[in-house]
Amino acid sequence: MNQNGIYKWAFINKVSVAIINFGVNIALARMLTTSDFGLLAMIAIFTAVAYDLSNCGLADGIIHKANPTDTDYSTVFVFNGALGLFFGLSFFLGAPLVARFFGHEELIGIMRVLGVCFFFQTLSLIQETRLRKELKLKTICFVHVGSTITVSTLAIWAAANGYGYKALICTQILLSLVVFIFYAFTTRWFPRIRFSIKSFKELFSYGWHLLLSYLCNLISVNVNTSFLGRYYPSPSMSGIYFQGAKLAAVPFKVSESSLNWPFFAVAANETDPSKRRQLICNMFSTILGINGTLTLFLLVIVSPGIRLLYGDQWLGAIPIFRILALAQFFIALRNFFQTICKVHGSTFFIRNMAFVELTVQLLLLFAFYRQGIVWIAWTQSAGVFLSVTIYSLYCRKFMGMGMRQLLSSAISTLSLPAIAAIAGTGTAIALSSSSPLVGCIAIAIVFAAVVIALGEWKKPAFYLSIRRKLIKY
């Protein structure tokens, strides 16, 4: 598959899943309460950390390796399955302790169900890794979209029939099982039960730095809701923060999975240094432009958007959304710089930077968590901003760009969406007394019109790249 086809199917995959999940999330937000979402938000850190530890960075080792063998795939599968079983049992046995810590008995059942969910997630990981390495993004797309539609139907049915937070957790376990079955059926490939110590050492030597990095990143993303669940009596606060964070992350997950996620495999397979450098520079401009446009558009439209889609009970998520949307922009840049480091084998630097970022966030969190939910949100943004600043200084050598040239490129790229955001803000102020629907439509039209008009005039690289793809497909 050519590179355009790879990015096309990655984009179709993530956009389709995001649209389905977005629609289902709106429906669930209207049928369930902020407390229902808050219960899951409290323990998100446990599932995220356990899932990352089960991977152990071995999947990235597979993709980075030039010609992985069947033994490599089987070794990763056996290791993931063993850790999946271990953490699944840990969730089951440790559920009462977690429930006692947060003061909510409902968490016992939730933790135990998610333990089963987690085990099936680890089993399907090697299937997806093999398809990514072979650049078969079309197959991954079909599996993700099909499984998402299946579980979304159940989620809405369960919520409509009064199952409350149980509607959220039952879909988690079913999604893991359905994805596992779909991969096995679609690929008709299953790794052998074989474990090679030599293969494990080779993959682990590359991946263990990434393991620690991902672990720190996951703690960074999820620790704030755990703090809210522990130190604020109502789960509603965790639910509002969780929903704001989830909404802010959706468009950037689309960008990440459509661009940076397949880019790692593409860049890793490119052996010519000059061509690889050109690929990196082109992708930097594209990621910066797309994510910058997304960020500024979301900051402008969030107020009427949440009122329109979610209702008044979720208005408290608006300031959280704005802060975390800004954080997501920097996270997207950080992830891209991490990809550059992974391609060039600098995984130790990724590990060190993850420690720095998490340390800064935790220090700020301990200092300001009693000041309220907005201050808690800012602690996450501050840590990742510092991380991106240091990454840009380190990675410019791989891009063949000086710091002045890098900044000039960033300012030039972001100027287009910045002007569109100013026009959109003026529209939002002028229509502040109108209905949320009118406000959303007007802001979207004005923002898009300014972006297109300036794009056709100035013709920045990221705009031309998107336009070519849209016209072609």
Side-chain angles (χ1 to χ4, degrees), residues 1 5-18 20-21 47-48 50-65 67-84 87 117-151 172-193 199 203 206-207 210-211 214 218 253-269 335 338-339 342:
M1 181 182 290
I6 294 168
Y7 293 120
K8 179 186 77 171
W9 282 109
F11 177 76
I12 293 173
N13 172 22
K14 200 60 185 181
V15 167
S16 301
V17 171
I20 296 168
N21 285 335
T47 54
Y51 183 72
D52 184 66
L53 287 176
S54 71
N55 176 16
C56 210
L58 299 183
D60 287 313
I62 288 281
I63 294 174
H64 183 263
K65 187 173 182 178
N67 296 295
T69 64
D70 288 340
T71 300
D72 293 328
Y73 287 115
S74 298
T75 298
V76 175
F77 174 75
V78 171
F79 181 80
N80 286 346
L83 277 186
F87 283 113
C117 152
F118 171 72
F119 175 68
F120 284 108
Q121 280 182 329
T122 59
L123 293 183
S124 60
L125 179 63
I126 193 60
Q127 299 271 13
E128 186 166 301
T129 300
R130 177 173 174 267
L131 292 172
R132 282 182 65 196
K133 178 61 180 177
E134 297 175 357
L135 302 180
K136 295 180 179 179
L137 279 298
K138 183 177 180 179
T139 302
I140 295 177
C141 174
F142 287 150
V143 170
H144 284 182
V145 173
S147 58
T148 302
I149 291 174
T150 302
V151 300
Q172 293 294 318
I173 185 172
L174 184 63
L175 177 62
S176 305
L177 179 60
V178 170
V179 168
F180 176 71
I181 294 173
F182 277 22
Y183 270 132
F185 178 79
T186 303
T187 64
R188 300 188 183 279
W189 176 85
F190 200 81
R192 298 178 180 179
I193 309 300
S199 176
L203 298 174
Y206 175 85
L210 298 178
L211 164 67
Y214 297 156
L218 289 171
K253 285 182 177 179
V254 173
S255 170
E256 176 73 14
S257 296
S258 304
L259 298 172
N260 192 42
W261 189 66
F263 178 71
F264 177 38
V266 171
N269 288 341
N335 291 345
Q338 286 181 344
T339 296
K342 287 193 293 184

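Numbers for residues simply follow the sequence, beginning at 1. What you are looking at is a predicted structure, and each value in this text was computed from that prediction instead of being measured. Note: hydrogens, waters and symmetry copies are ignored here, and every other heavy atom, side chains too, is used.
Nearest approach of E256 to P262, heavy atoms of both residues: O-CD, 4.3 Å.
D72 and T75 form no side-chain donor-acceptor contact under 3.5 Å, judged by distance and modelled atom types alone.
Here the NZ-CG distance, from K342 to N335, works out to 8.5 Å after rounding to the nearest 0.5 Å. The distance from the NE2 atom of H144 to the CZ atom of F182 is 11.5 Å, given to the nearest 0.5 Å. In this structure, CD1 on I140 lies 10.5 Å from CD on Q127, to the nearest 0.5 angstrom. Interatomic distance, OG of S147 versus CD1 of I20, reported as 9.0 Å (0.5 Å rounding). In this structure, I12 CD1 and K138 NZ are separated by 9.5 Å, a value rounded to the nearest 0.5 Å. Here the CD1-OG1 distance, from I181 to T150, works out to 10.0 Å after rounding to the nearest 0.5 Å.
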List the steps and the verdict of side chain to side chain contact (heavy atoms under 4.5 Å, CB included) for T186 and F142. CA-CA 9 Å; T186 303; F142 287 150; 5.8 Å; no
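The ring-ring contact (aromatic ring centres under 6.0 Å, His included) check on Y183 picks up nothing, with sequence neighbours excluded.
Two residues are said to be in side-chain contact when any heavy atoms from C-beta on lie closer than 4.5 Å; V76 and L203 meet this criterion.
Salt bridge absent: R132 and E128 never bring a charged side-chain N and a carboxylate O closer than 4.0 Å.
Remark: side-chain polar atoms of N80 are not paired, donor with acceptor, to backbone N or O of F77 under 3.5 angstrom.
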